[in-house]
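A short worksheet on the structure shown next.
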Amino acid sequence: MIKEIYYFLRYGPGVQRQKKELGHVEFMRAIASGLDAGGFAELRASLVGDLEGEILEIGSGTGAAFQYYGPKANVTAIEPDDEFRVASEETAESATATICVIPGAGEKLPFQESAFDVVTTSMSLCSVASPPETLAEFKRILRPGGRLRLLEHVRSEHWLAGPLQDLFNPIWIRINNVGCNMNRKTVESVSGAGFTIQSIESHKIYVKAAPATFPFRVIKAVKPG
Ligand SMILES: C[S@@+](CC[C@H](N)C(=O)[O-])C[C@H]1O[C@@H](n2cnc3c(N)ncnc32)[C@H](O)[C@@H]1O
């Protein structure tokens, strides 16, 4: 936990300054490329690289995950923020997969039941207004046996770090500008929504570009058939 606090205090102020200089979209792109260079790229590739069929990505941001889909992926990406959505559309043009970006929110998806083979998110369940409503929608629009692939940061299980995340979350929400919560219990939310969890990987990424080093989980789950 000492290393996490060091990174936050040492590099956080510079990143806050950069946020003002770069603006919304370029700042998000800088965070995403900093994370990718620090090991996130491999996690993104393992999350979506093998996917085929009808895929729904929620909260695509600037489209940072798009380059990691393979050629047999037919992706519909939802992004509620207008500026991010334009950035996602630009990123989609150079992707190998076929990607269509539309407005919307995870809590109310404009699709019929069982319309998708896979739903995926990266760092978006921390930002949606309601994880239970969003996960219920994921379950509705996935076909039976459909897959859930999530790359999310979560509340720490450490006896002190978890309560500290609870304490600082209100301040964190005010400074991050994308509605990100640092203390969501996403693994528990996925189980609670009725998905069957197949695997959970734990990761930590230490990069100067994104000095809030929360624990990451790669969660793979299925909708019971
Ligand atoms: C931290 S960014 C992650 C962006 C991208 N997935 C990535 O990996 O770089 C969180 C994203 O969730 C989006 N978001 C916020 N509320 C949402 C909601 N209710 N439904 C879907 N996306 C949402 C934000 O607009 C933002 O693009």
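Ligands are counted one by one from 1 in listed order, and the atoms in each one are counted from 1 as well. All residue numbers in this chain count up from 1 along the given sequence.
Side-chain atoms of L56 and V75, non-hydrogen and from C-beta on, never get closer than 4.5 Å to each other. No side-chain heavy atom of Y68 sits under 4.5 Å from any side-chain heavy atom of L47.
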>> Assess the residue pair E113 and R143 against the criterion (salt bridge (charged side-chain N to carboxylate O under 4.0 Å, His left out)); give the C-alpha distance rounded to whole Å, side-chain angles, the decisive distance to 0.1 Å, and a yes or no.
In response: CA-CA 7 Å; E113 280 181 23; R143 65 169 169 76; over 6 Å; no
> Can you check ring pair (Phe, Tyr, Trp, His ring centres under 6.0 Å) on H24 and F84, steps first, answer last?
Replying inline: CA-CA 8 Å; H24 197 44; F84 283 165; 4.2 Å; yes
>> Go through it in stages, so that I can follow the logic: the residues are F216 and H203, the test is ring pair (Phe, Tyr, Trp, His ring centres under 6.0 Å), and I'd like the CA-CA distance, side-chain angles, deciding distance and then a yes or no.
In response: CA-CA 5 Å; F216 276 100; H203 298 274; 8.5 Å; no
>> Run the side chain to side chain donor-acceptor pair (under 3.5 Å) test on E54 and T76 for me, step by step, so that the C-alpha distance in whole Å, both residues' side-chain angles and the decisive distance to 0.1 Å come before the verdict.
In response: CA-CA 8 Å; E54 293 303 316; T76 304; 5.0 Å; no
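What sits closest to atom 24 (C) of ligand 1 on the protein, heavy atoms only, is E79 OE2, 3.7 Å. Considering only non-hydrogen protein atoms, atom 20 (N) of ligand 1 sits nearest to G106 N, 2.9 Å. Protein heavy atom at the shortest distance from atom 8 (O) of ligand 1 is S122 OG, 2.8 Å. The nearest protein atom to atom 19 (N) of ligand 1, hydrogens excluded, is given as E107 OE1, 2.9 Å; this is a heavy-atom distance. Among all non-hydrogen protein atoms, the one lying nearest atom 10 (C) of ligand 1 is M123 O, 3.3 Å. With respect to atom 14 (N) of ligand 1, the closest heavy atom belonging to the protein is P80 CG, 3.8 Å.
Checked by atom type and distance alone, the side chain of R85 pairs as donor or acceptor with a backbone atom of E79 at under 3.5 Å. When atom types are taken as modelled, the side chain of R184 and the backbone of R155 share no donor-acceptor pair closer than 3.5 angstrom.
Considering all non-hydrogen atoms of both residues, N169 and C180 come closest at OD1-O, 4.3 Å. Closest approach of G145 to V222, counting heavy atoms only: O-CG1, 4.2 Å.
Assignment of I58 to the shell around ligand 1 is supported, since a heavy atom sits closer than 4.0 Å. Distances shorter than 4.0 angstrom do not occur between any heavy atom of C180 and any atom of ligand 1.
When heavy-atom distances to ligand 1 are checked against a 4.0 Å cut-off, R29 has no atom that comes that close, whether in backbone or side chain. Of the heavy atoms in V128, both backbone and side-chain atoms come closer than 4.0 Å to ligand 1. Contacts of A65 with ligand 1, taken as heavy-atom pairs under 4.0 Å, are absent altogether. With a heavy-atom cut-off of 4.0 Å, S127 touches ligand 1 through backbone and side chain alike.
When the heavy-atom distances from atom 7 (C) of ligand 1 to M28, K108, R44, E152 are ranked, the shortest goes to R44. Residue nearest to atom 11 (C) of ligand 1, selected from G63, S124, A77, G104: S124 (by heavy-atom distance).
Ligand 1 places these atoms under 4.0 Å from at least one heavy atom of G61: 4 (C), 27 (O). Those atoms of ligand 1 with a heavy atom of A64 less than 4.0 angstrom away are 9 (O). Less than 4.0 angstrom separates some heavy atom of A105 from each of these atoms of ligand 1: 19 (N), 20 (N).
For G59, a nitrogen or oxygen atom sits less than 3.5 Å from a nitrogen or oxygen atom of ligand 1, counting backbone and side chain alike.
Both the sub-6.0 Å distance and the 45° axial angle are not jointly satisfied by K223 relative to the ring of F195.
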